[in-house]
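Contents: one structure, followed by commentary.
Residue indices begin at 1 and follow the sequence shown. Just so we're clear, the structure is a prediction, and the values are computed from it rather than from any experiment.
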Amino acid sequence: MTVDSDWGDWLVRAVEDADPDGLAIWYLGCNGFVLKSSGGAVVYIDPYLGIGDPPRTVRMIPVPFDPDDVREADAVLATHEHTDHTHGPSQAPILAGTGATFYGTDASHDVVSDENWTEAWDVDDDQLREIGEGDTFEVGDLTVHVEPANDPDADHPVSYVFEHDAGTFFHGGDARPGAFEPVGESYDIDVGVLAFGTVGMIPDKETREPERTKWYNDENRIVEAANELQLETLVPTHWDMWKGMTTEPTVLHNHVNSFPAPATLDIVEIGDRIDLG
């Protein structure tokens, strides 16, 4: 598979040219983000540039960049092994072109092996690092903590906490509530990302017959997860991506108003930037 960007290279050039005072965070659509710190560290999280598997999964948003256009990256992180989170055509060219390190669980590394990243994209073995819950590592001036995640659809999901002098950012992957209370007790999270979606009739992977499918948090569960994490700001994601699973994130305003967390709800669209600090 080759990646054809709908937007050219303006987004990756904007990241490259940025000089944030603290921590800048761009939303890449689906559940992808790129972080750039005041110290110049650049981290991609779950970047997915594929179109899905039509007609089962159909991408509803632009492909924001070509991975071959990425010139600066220190790390690419995967929250779990699903195609829209660990994907050779989206991520391996970033590793090959920048020398960045890939971080993922054993299940994500199974995908790396199955897709043969080392030969198909000329990725070195020493660029591939397996991580698990409880691990901590540094990427420039960012400290990254690997935390648990409750995603019953995944084989081995994790979440990530990014600590920087400017603030703390959390990425929950596609996880639901149930594993985040210790995370909320351990960190003071300024901005947290949680997957939000609806129930849709999606063709079965084998039979292709439509069946009732729920992959992400609904309104009640995303607020429950936000309260486990004690979030200051909630950023809902994934609501924009798949035909039949898209939803309207502004409905969350009514739900969050009745709970202690999050204090604020930030609705972002693909290409938008959030700043900490």
Side-chain angles (χ1 to χ4, degrees), residues 1-9 11-16 25-37 39-53 57 59 63-133 135-146 149 154-160 162 171 173-174:
M1 172 194 163
T2 59
V3 171
D4 294 314
S5 172
D6 298 311
W7 283 359
D9 67 350
L11 183 56
V12 290
R13 297 289 84 81
V15 174
E16 200 175 280
I25 305 161
W26 289 263
Y27 181 42
L28 304 177
C30 192
N31 220 345
F33 285 83
V34 56
L35 315 182
K36 188 172 186 179
S37 71
V42 177
V43 176
Y44 283 80
I45 312 159
D46 285 354
Y48 177 66
L49 307 168
I51 61 169
D53 182 25
T57 50
R59 187 183 183 108
V63 177
F65 64 92
D66 182 329
D68 288 319
D69 287 333
V70 177
R71 299 171 185 159
E72 295 181 358
D74 298 295
V76 177
L77 277 60
T79 57
H80 60 291
E81 76 282 353
H82 290 166
T83 298
D84 51 343
H85 300 263
T86 304
H87 186 239
S90 299
Q91 298 167 7
I94 299 176
L95 305 181
T98 66
T101 301
F102 175 80
Y103 296 86
T105 67
D106 51 356
S108 288
H109 280 269
D110 287 343
V111 175
V112 171
S113 178
D114 291 343
E115 293 181 340
N116 199 14
W117 289 18
T118 55
E119 293 187 18
W121 288 279
D122 196 26
V123 174
D124 292 334
D125 283 326
D126 59 9
Q127 291 179 262
L128 304 173
R129 179 168 169 184
E130 186 176 315
I131 49 84
E133 296 88 336
D135 287 348
T136 296
F137 55 93
E138 309 289 332
V139 182
D141 55 342
L142 288 169
T143 300
V144 186
H145 303 276
V146 185
D155 290 333
H156 190 176
V158 291
S159 59
Y160 294 104
F162 299 84
H171 195 301
D174 291 352

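- Considering only heavy atoms from C-beta on, Glu72 stays 4.5 Å or farther from Val15 through its side chain.
- Two residues are said to be in side-chain contact when any heavy atoms from C-beta on lie closer than 4.5 Å; Asp9 and Asp66 fail this criterion.
- A 4.5 Å side-chain heavy-atom check between Val43 and Tyr160 finds every atom pair outside the cut-off.
- Taking CG of Asp69 as the start and CH2 of Trp7 as the end, the distance is 14.5 Å to the nearest 0.5 Å.
- A donor-acceptor pair is defined here as one N or O able to donate and one able to accept, closer than 3.5 Å; no such pair exists between the side chain of Ser113 and the backbone of His109.
- Residues satisfying the ring-ring contact (aromatic ring centres under 6.0 Å, His included) criterion with Tyr48, sequence neighbours excluded, are His87.
- The minimum heavy-atom distance linking Asp106 with His156 is given by the pair OD1-ND1, 2.6 Å.
- Residues Leu142 and Asp74 fail the side-chain proximity criterion, which asks for heavy atoms closer than 4.5 Å.
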Legend entry - Derivation and outcome, ring pair (Phe, Tyr, Trp, His ring centres under 6.0 Å), residues Tyr44 and Phe33: CA-CA 6 Å; Tyr44 283 80; Phe33 285 83; over 10 Å; no

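- The CG atom of Asp84 sits 6.5 Å away from atom CG of Asp174, with the distance rounded to the nearest 0.5 Å.
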Legend entry - Verdict with supporting geometry, His171 and Asn31, side chain to side chain contact (heavy atoms under 4.5 Å, CB included): CA-CA 9 Å; His171 195 301; Asn31 220 345; 3.5 Å; yes

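- Contact record, Gly50 with Ser90: N-OG, 3.8 Å, taken as the closest heavy-atom pair.
- Side chain of Thr86 to main chain of His80: a donor-acceptor pair is present (N/O by atom type, distance under 3.5 Å, no hydrogens or angles).
- Between Val158 and Ile131 there is a side-chain heavy-atom pair separated by less than 4.5 Å.
- Taking CD of Glu115 as the reference point, atom CH2 of Trp121 lies at 5.5 Å (rounded to 0.5 Å).
- Atom OG1 in Thr105 sits 8.5 Å away from atom CG in Asp155 (nearest 0.5 Å).
- Scanning both residues, Ala78 and Ser108, for their nearest heavy atoms gives CB-OG, 3.8 Å.
- The side chain to side chain contact (heavy atoms under 4.5 Å, CB included) test with His85 is passed by exactly one of Asp46, Val111, Leu77: Asp46.
- Rounding to the nearest 0.5 angstrom, the gap separating the OG1 atom in Thr118 from the CG atom in Leu128 is 7.5 Å.
- Residues Ile45 and Phe162 are in side-chain contact: their nearest non-hydrogen atoms beyond the backbone lie under 4.5 Å apart.
- Distance check: Thr143 OG1 to Phe137 CZ gives 10.0 Å after rounding to the nearest 0.5 Å.
- Nearest heavy atoms, Ile94 versus Pro67: CG1-CB, 3.8 Å.
- For His82 against Ala154, the heavy-atom pair with the smallest separation is NE2-CA, 3.8 Å.
- Taking each heavy atom of Thr136 and Arg129 in turn, the nearest pair found is O-NH2, 4.4 Å.
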